[in-house]
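For reference, the structure discussed in these notes is given below.
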Amino acid sequence: MSDHTRGHHDRGKERSTAILDVSGLQWASEQNVVAARLGRRPGVLRVEANPVAQTATVSFDPRRTSLAELRAWVIECGYHCAGQSVPSHICDPMAEPDPPGTAPAEAPHAGHPAHTEEEASPHDRMGHGGHAGMSMASMVADMRNRFLVAALFSIPIVLWSPIGTEVFGLDLPVPFGLRQDVWALLLSLPVIFYSCWIFFDGAVRALRARTLDMMVLVAVAVGAGWLYSLIVTLTGGGEVFYEAATVLAAFVLLGHWFEMRARGGANDAIRALLDLAPPKATVMRGGQAVEVPTAEVTVGDLLLVRPGAKIPVDGTVEEGQSEVDESMVTGESLPVHKEAGSAVVGATINRNGTLRVRATKVGADTALAQIVKLVQQAQNSKAPGQRLADRAAFWLVLVALAGGALTFAVWLLPAGQPFGVAILFAITVVVITCPDALGLATPTAIMVGTGLGARRGVLFKNAMALETSARVQVVVMDKTGTLTKGEPEVTDVVVGDTVTQEELLRLVAAVERESEHPLAEAIVRHAGDLGLEPRRAERFENVPGHGAVAEVGGRKVAVGNRRLMEREGVPLGKLAGRRQELAEGGRTAVMVAVDGTAAGVVGIADAARETSPAAVAALHELGVEVVMLTGDNAATAERIARQLGIDTVIAEVLPGDKAAKVAELQGGGRKVAMVGDGVNDAPALARADLGIAIGAGTDVAIETADVVLMRSDPLDVPTALRIGRGTLRKMRQNLGWAIGYNALALPVAAGVFQPAFGLVLRPEIAALSMSGSSLIVAVNALALKRLRLPGAHVR
């Protein structure tokens with residue numbers, strides 16, 4: 001087990017969290033070995049292992065233990081870097097090798113200062129092609145090879161066994177003049193000492209950790225059959241079951257080979273994210289462009305990013321203009337214009353122009369690293385149902401062992417069957433009760449669900465957030481910045497009898513270009529969008545709280561509120577009614593006077609986002625009530641609500657009172673999600689059953705939110721809820737299948753129906769059906785990838 005470490009220290013708390021890369025978790029139930037061994041170590045506060053992702057999240061007290069000790073303890077569990085024969089810290093995909101003679105956790109990386117486990121870039125941590133992917137691929141290949149050896153030697157054992165004679169009608173002479181049982185023993189040795197060695201090794205690890213898992217069951221089943229046959233062979237009398245032991249092993253390995261291939265697809269999201277980071281960066285050194293590994297980029301470096309290249313790390317544009325494709329990180333489908341002063345995100349693609357970027361965040365501080373960290377932590381977290389399943393898996397192993405012993409005793413004594421028959425029934429019970437499907441039931445679904453969300457820029461912080469999102473009945477959405485763009489926009493232009501609309505906008509834009517007020521900027525932007533070139537303003541006068549006055553082309557133009565018109569002695573005339581209509585509709589009315597005559601009114605409002613109507617409609621399709629919560633006046637809020645089809649409006653609420661309003665909506669036990677910007681809405685996000693921070697951009701570490709939406713797109717809210725519902729549905733299906741399968745299979749395996757119906761299950765068939773159960777669970781979870789989500793713009 002190598003440490004795939006993403007450590008962070010919770011400020012104000014003596015608690016650190018690391019995500020460790022577990023190489024060698026062959027079976028789902030083995031997660032209990034890691035959790036049990038590490039959980040008993042001093043300083044370890046919590047362990048959550050994920051056999052599907054091959055990772056474990058460990059929370060620990062840095063005053064009592066360190067990452068170096070965690071590495072050593074994990075290796076003591078028997079896990080390692082798959083396919084490597086080097087020290088654990090060198091296999092670390094999250095950091096470069098530590099210099100000799102230094103502690104692995106603290107040593108700075110060669111080539112740049114103080115690059116600890118918290119600062120290595122995702123690409124550096126994963127290596128070329130992704131270590132996690134290679135680890136799973138190596139495990140799949142190893143499982144395949146063990147199966148092939150078991151199958152290759154099991155076939156002749158079966159052909160020379162009584163089954164070959166009775167079923168296939170064969171009467172083959174035993175080679176070299178050996179007895180049939182001795183020949184079968186020799187053929188079984190590669191199966192037992194190579195193919196089955198992972199079972200025995202895993203069983204020893206589990207027993208040392210004082211826990212029980214599937215390895216114990218398979219080791220007991222295979223070992224009991226083979227050892228019994230070995231004793232019979234050595235004593236020279238009785239029936240042997242080498243074919244049962246070896247075919248049983250072959251079927252177990254076959255089932256888990258297919259299962260591992262299937263669940264390997266659940267890790268696609270993490271691998272895709274980690275592959276985004278470019279391995280090389282072009283840095284300006286002494287006026288020359290030098291290509292260096294991305295891991296060697298430090299804060300303050302000036303990077304040269306050519307057209308078509310990936311931006312290596314987060315930074316700020318110092319020179320150049322370009323369009324940048326941020327879809328792979330934020331989920332935003334349209335390229336974003338960048339110029340001097342613009343922030344850029346590492347792993348995004350520079351489309352056309354050449355940029356010079358000053359690095360501001362590297363390693364674990366980059367947006368990509370933070371995204372990967374959140375997704376991995378979510379995948380390793382456990383839903384309440386899985387915690388119960390993990391505990392049940394331990395007891396199920398105990399039940400299997402006790403049930404096997406009881407079955408053996410019943411068939412041997414009261415039933416009076418031969419020893420060989422009794423032990424076959426016992427082995428069948430032990431094999432078919434393996435709890436691997438129970439251990440895979442929810443981790444696979446959680447991994448697929450969180451990965452599906454990550455592709456859309458929807459980041460669930462943990463499994464509880466996924467499960468809660470499936471139960472949301474009311475969604476409370478902040479207006480400004482969530483449903484609306486959060487910036488003023490011209491919505492109406494009303495003209496009088498003195499000037500045309502085009503001329504009015506030219507005159508107003510000329511005046512407002514000299515002002516820095518947000519409303520002025522909205523008018524200038526609107527005129528620019530219409531292709532109107534503003535004229536030059538002279539004798540500009542800013543009137544605080546009223547507006548501005550200037551001369552444009554020899555004409556005196558006044559732009560402002562009603563008080564400015566009164567100051568200038570301008571009667572509003574019939575435009576007074578239009579101004580009142582705009583104000584009652586929730587718009588800000590800007591009056592315009594030209595040469596002392598009221599010439600027009602410009603209506604300005606915070607416009608709704610383009611996807612807001614679709615987001616509200618998608619929430620209604622899910623049967624969710626939509627509530628707008630805002631501090632704006634009722635007229636403005638009602639205008640937006642009517643436009644979007646929102647059910648309930650709660651307006652004129654102070655920021656400090658939003659949490660209380662959320663609490664009121666939770667009355668009667670309703671599950672409420674709060675959607676906000678994660679800053680002013682923090683108390684309400686924390687109070688809600690599900691806090692959703694929207695438009696987080698590169699700031700993905702919002703503590704008060706359960707779900708982080710990378711884009712400023714309200715359509716991602718129903719996307720999150722739909723993913724949550726789909727994931728919970730798969731979790732329930734998988735748990736139901738795993739529990740129901742064991743409940744039905746156990747009496748069949750024990751031979752309860754043999755006297756009445758002649759229904760008997762041999763150990764080999766039991767192994768195949770048990771492995772098939774795990775495969776069904778994995779494939780069912782992967783079917784979640786076909787979930788239909790709102791919008792069709794995601795790659």
Side-chain angles (χ1 to χ4, degrees), residues 1 20-60 65 69-80 139 196-224 252 256 259-260 380-405 429-444 735 738-739 742 746 770 773-774 777:
M1 176 175 177
L20 305 177
D21 183 21
V22 183
S23 295
L25 272 182
Q26 302 276 7
W27 268 262
S29 56
E30 280 189 282
Q31 62 186 305
N32 295 331
V33 177
V34 176
R37 290 292 291 271
L38 286 182
R40 287 194 287 266
R41 296 292 185 172
V44 175
L45 306 175
R46 184 168 182 170
V47 181
E48 290 184 326
N50 187 334
V52 183
Q54 297 283 293
T55 57
T57 299
V58 182
S59 297
F60 62 96
T65 188
E69 289 183 316
L70 288 176
R71 291 169 172 155
W73 292 340
V74 167
I75 292 172
E76 286 180 18
C77 293
Y79 299 100
H80 53 82
M139 288 174 58
C196 295
W197 192 253
I198 55 172
F199 304 141
F200 305 132
D201 180 59
V204 170
R205 277 186 261 163
L207 294 174
R208 283 179 178 172
R210 290 178 293 189
T211 188
L212 298 172
D213 63 10
M214 177 178 169
M215 290 293 202
V216 175
L217 292 184
V218 178
V220 167
V222 174
V252 170
H256 282 277
E259 174 213 311
M260 289 172 69
N380 286 357
S381 65
K382 295 184 183 296
Q386 182 59 34
R387 295 184 192 280
L388 181 61
D390 288 345
R391 289 194 295 270
F394 172 86
W395 292 105
L396 191 59
V397 174
L398 196 60
V399 167
L401 294 173
V429 168
V430 169
V431 170
I432 208 164
T433 321
C434 285
D436 208 39
L438 200 60
L440 287 172
T442 68
T444 314
L735 283 172
I739 294 171
N742 279 298
L746 185 58
M770 177 272 296
S773 174
S774 299
V777 165

Under the rule for side-chain contact (heavy atoms from CB on, under 4.5 Å), what residues qualify as partners of Ala203, not counting sequence neighbours? Val216, Ala219
To the nearest 0.5 Å, what is the distance between CG (Leu70) and OG1 (Thr65)? 4.5 Å
Can you measure from CG (Leu207) to CE (Met215) and round to the nearest 0.5 angstrom? 12.0 Å
Which residues share a side chain to side chain donor-acceptor pair (under 3.5 Å) with Thr211, sequence neighbours left out: none
Taking side-chain contact (heavy atoms from CB on, under 4.5 Å) as the test, write out the residues that go with Arg40, two or more places apart. Ala36, Arg37, Ala209, Arg210
In short, Gly39 meets Val47 closest at the heavy-atom pair N-CG2, 4.1 Å
Non-neighbouring partners of Leu746 that pass side-chain contact (heavy atoms from CB on, under 4.5 Å), sequence neighbours left out: Val429, Thr433
Does Val430 form a side-chain contact (heavy atoms from CB on, under 4.5 Å) with Val218? I'd like the steps, not just the answer. CA-CA 8 Å; Val430 169; Val218 178; over 6 Å; no
Rounded distance [0.5 Å steps], CG in Leu217 versus CG in Leu398: 10.0 Å
